[in-house]
Amino acid sequence: MIRSGLVQKLTDAHPDLEPREVELIVSCFFDEISKRLAADGRVELRGFGAFSTRARDARTGRNPRTGEVVAVDAKRVPYFKPGKEMRSRLNVD
């Protein structure tokens, strides 16, 4: 599902809200998660999962087109760990 699909589903589920209001809510939600992760924080949504960041060390990489060796800087990357309820929903027998 893409963002616009999410906004549409929420608009359909809550006809008392205007689409631009739903878009504002969705934007605020994602912005707050991004801000918290940028501040080295963690966001936990019970029953869904937890967003955090992981550190990646600097390394040497290779340009696949030219084969040239390039330096890749250390960085932080987002990480998502699904919650127990989410995993059980995905693995229904």
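Keep in mind it's a predicted model, so treat the numbers as computed, not measured. We count residues from 1, following the sequence as given.
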Hey, is E32 close enough to R36 for a salt bridge, meaning N to O under 4.0 Å?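 Salt bridge flag = no for R36 with E32.
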Any carboxylate oxygen within less than 4.0 angstrom of a Lys/Arg side-chain nitrogen, looking at R46 and E44?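 Between E44 and R46 there is a salt bridge, with a charged N closer than 4.0 Å to a carboxylate O.
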Would M1 and K9 count as a side chain to side chain contact (heavy atoms under 4.5 Å, CB included) if you check the C-alpha gap in whole Å, the side-chain angles of each, and the deciding distance to 0.1 Å? CA-CA 10 Å; M1 176 180 287; K9 276 205 169 281; 3.5 Å; yes
Looking at every heavy atom in both [X] and [Y], which two are closest together, and how far apart are they?
X: L6; Y: F30; result: CD2-CZ, 4.1 Å
X: R42; Y: A50; result: NH2-CB, 3.3 Å
X: P82; Y: M86; result: CB-CG, 3.9 Å

Under the salt bridge (Lys or Arg N to Asp or Glu O under 4.0 Å) rule, what pairs show up with a residue in residues 61-84, not counting sequence neighbours?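 Qualifying pairs: D40-R76.
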Tell me if the CZ atom of R3 is crowded by more than 12 foreign heavy atoms within 6.0 Å.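 Atom CZ in R3 is packed in, count exceeds 12.
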May I ask you to list the residues sharing a hydrophobic cluster with [X], side-chain cutoff 4.5 Å, ordered by chain and number?
X: I2; answer: none
X: V72; answer: none
X: Y79; answer: none

Using the test ring pair (Phe, Tyr, Trp, His ring centres under 6.0 Å), find all partners of F29 that sit at least two apart in sequence or belong to another chain.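 Residues passing ring pair (Phe, Tyr, Trp, His ring centres under 6.0 Å) with F29: none at all.
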Using the test side-chain hydrogen bond (donor to acceptor under 3.5 Å, both in side chains), find all partners of Q8 that sit at least two apart in sequence or belong to another chain.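 Testing Q8 for side-chain hydrogen bond (donor to acceptor under 3.5 Å, both in side chains), a comparison that skips the adjacent residues, returns D12.
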Is there a side chain to side chain contact (heavy atoms under 4.5 Å, CB included) between V77 and T53? Walk through the geometry before answering. CA-CA 5 Å; V77 295; T53 59; over 6 Å; no
Could you state the interatomic distance from [atom1] ([X]) to [atom2] ([Y]), rounded to the nearest 0.5 Å?
X: L24; Y: E18; atom1: CG; atom2: CD; value: 12.5 Å
X: R20; Y: T11; atom1: CZ; atom2: OG1; value: 11.0 Å
X: I25; Y: L17; atom1: CD1; atom2: CG; value: 5.5 Å
X: F80; Y: I33; atom1: CZ; atom2: CD1; value: 9.5 Å

Min side-chain heavy-atom separation T60-V70 under 4.5 Å: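 The answer is no; the side chains never approach within 4.5 Å.
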